[in-house]
Amino acid sequence: MKKKIVLTGDRPTGPLHLGHYVGSLSNRLVLQSSHQQYIMIADMQALTDHADRPEEIRRNILAVALDYLSVGLDFDQSTVFIQSMIPELYELTLYYLNLVTWNRLKHNPTVKLEIRQKGFKEEVPAGFMIYPISQAADITAFKAEIVPVGDDQLPMIEQTAEIVRKFNRLYQCDVLIEPVAMTPEIARLPGIDGGAKMGKTLNNAIFLSDSPEEVQKKVMRMYTDPNHLHVNDPGQVEGNPVFTYLDVFDPDTEKVQEMKEHYQKGGLGDVVVKKHLLTILEKFLSPVRDRRRKYAENSREIWEMLFEGTKKASLQAKTTLKEVKEAMHIDYLQR
Ligand code: TRP
């Protein structure tokens, strides 16, 4: 049986952290053997709001690829590629732009939110405004059937589905495949400050590339229950990120349950819980570091692996573009 096609993408704007692992990378590790998996490093999309910092994007392409390798993604099983190196994606974007109204774009909830978050005000780059269309090109070029994304990206998948339906109807074909979104079981990992979301710019992240010393420092200064002043005070487990992390990373659920009860009753100190969490996190991070070490010295090799993946991805994008132009009757040379 043919494996289903799945595609995900990351903007290379910084190193990946535990939140990325829980929400996305762990899922990709599962999918890489059961599905035909494409993983795109979306450098073009990163440029839509980082046009002044191409060097940073270049560095982060390598950092993100190294993060992939360090968690165990296999570049032979998954096709990992660089978005900007596939010009077919730009061409598809321009054709799709004519199928979407300006008004529809302006009302994309994710775009609206990001415009506010990024403080663009009236100075929104046009490239940024149309990134949902470019994302539709990413997804359809590879005929992705499943697109695992966080909640915030659901409007993008909806936009893509609309374009697919419109294209197939308008040009009376079934060239484009309508994708289905897949959202993660664990919506998001809180930051070490107890904030709802872990993020690089929020300064509350534990990175996959952090050293044992950095991880220790971060765990020891993690937010807990602010009212748990003395060991014997009863403590709160809900909204306490130390316990949320244990729920996610400690396979011994019985022990976690016992610790929670003890903490709620009083008599279990934050430092003891944090030390346990540190042991658990290190069990996860130590093999990640070992794999990282294997590749870190050889960035040339990583670039080569990315170019290999890009070559493979490019073949599929070319095929889709050819079909798209045929369906539109603009394949002039072939006629
Ligand atoms: N917009 C996505 C993000 O910010 C990244 C992305 C680009 C993407 N192209 C994609 C995700 C295609 C899924 C499919 O995380």
Side-chain angles (χ1 to χ4, degrees), residues 4-17 19-25 27-28 31 35-50 57 60-61 63-65 67-68 73 78-86 88-90 92-93 96 105 108-118 125 127-164 176-184 187-189 197-202 205 309-310 313 316-317 320:
K4 284 214 174 209
I5 301 173
V6 53
L7 178 135
T8 50
D10 291 308
R11 295 184 199 176
T13 50
L16 303 182
H17 51 61
H20 291 114
Y21 182 81
V22 170
S24 170
L25 296 171
N27 190 37
R28 294 181 195 175
L31 292 173
H35 288 63
Q36 186 187 341
Q37 175 157 259
Y38 289 99
I39 301 174
M40 182 180 74
I41 302 186
D43 60 332
M44 279 289 294
Q45 198 175 103
L47 282 166
T48 63
D49 66 333
H50 287 71
I57 291 171
N60 283 321
I61 291 176
V64 165
D67 284 331
Y68 291 165
L73 280 170
S78 298
T79 305
V80 185
F81 67 97
I82 301 175
Q83 185 185 29
S84 71
M85 293 180 77
I86 307 209
E88 286 76 13
L89 297 176
Y90 320 154
L92 288 173
T93 301
Y96 296 169
L105 266 183
N108 181 308
T110 308
V111 170
K112 271 165 66 179
L113 177 72
E114 288 181 335
I115 286 173
R116 252 181 289 131
Q117 284 172 342
K118 293 176 197 293
F128 182 84
M129 275 313 284
I130 65 158
Y131 97 72
I133 317 291
S134 125
Q135 192 155 328
D138 304 334
I139 293 167
T140 54
F142 305 98
K143 310 220 169 189
E145 297 161 279
I146 305 166
V147 183
V149 284
D151 297 346
D152 60 309
Q153 289 287 306
L154 289 175
M156 300 297 160
I157 313 304
E158 186 47 40
Q159 175 80 79
T160 303
E162 280 174 32
I163 290 172
V164 168
L176 300 185
I177 306 293
E178 193 173 323
V180 176
M182 177 192 216
T183 45
R188 55 184 38 131
L189 195 69
K197 189 181 169 186
M198 186 178 274
K200 183 179 73 110
T201 45
L202 298 170
T310 304
Q316 178 56 52
T320 304

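Side-chain atoms are counted along with the backbone in the values below, which use heavy atoms only and exclude waters and symmetry mates. Whatever order the structure lists ligands and atoms in, that order sets their numbers, starting from 1.
Residues in residues 151-161 take part in these salt bridge (Lys or Arg N to Asp or Glu O under 4.0 Å) pairs, two or more places apart or across chains: Glu158-Arg165. Applying the salt bridge (Lys or Arg N to Asp or Glu O under 4.0 Å) rule to pairs touching residues 38-49 yields Asp49-Lys118, sequence neighbours excluded. Applying the salt bridge (Lys or Arg N to Asp or Glu O under 4.0 Å) test to every pair with at least one member in residues 129-143, sequence neighbours left out, gives these pairs: Lys143-Glu323.
Within 4.0 Å of ligand 1, the residues that place a heavy atom are Leu7, Gly9, Arg11, Met40, Ala42, Gln45, Gln135, Asp138, Ile139, Val147, Gln153, listed by chain and number.
Residues Val6 and Val147 have side chains not in contact (no heavy-atom distance under 4.5 Å, counting atoms from C-beta outward). Using a 4.5 Å cut-off on side-chain heavy atoms (C-beta onward), Tyr131 and Met156 make contact.
The two residues Pro12 and Ala46 come nearest to each other via the heavy atoms CD-CB, 3.8 Å.
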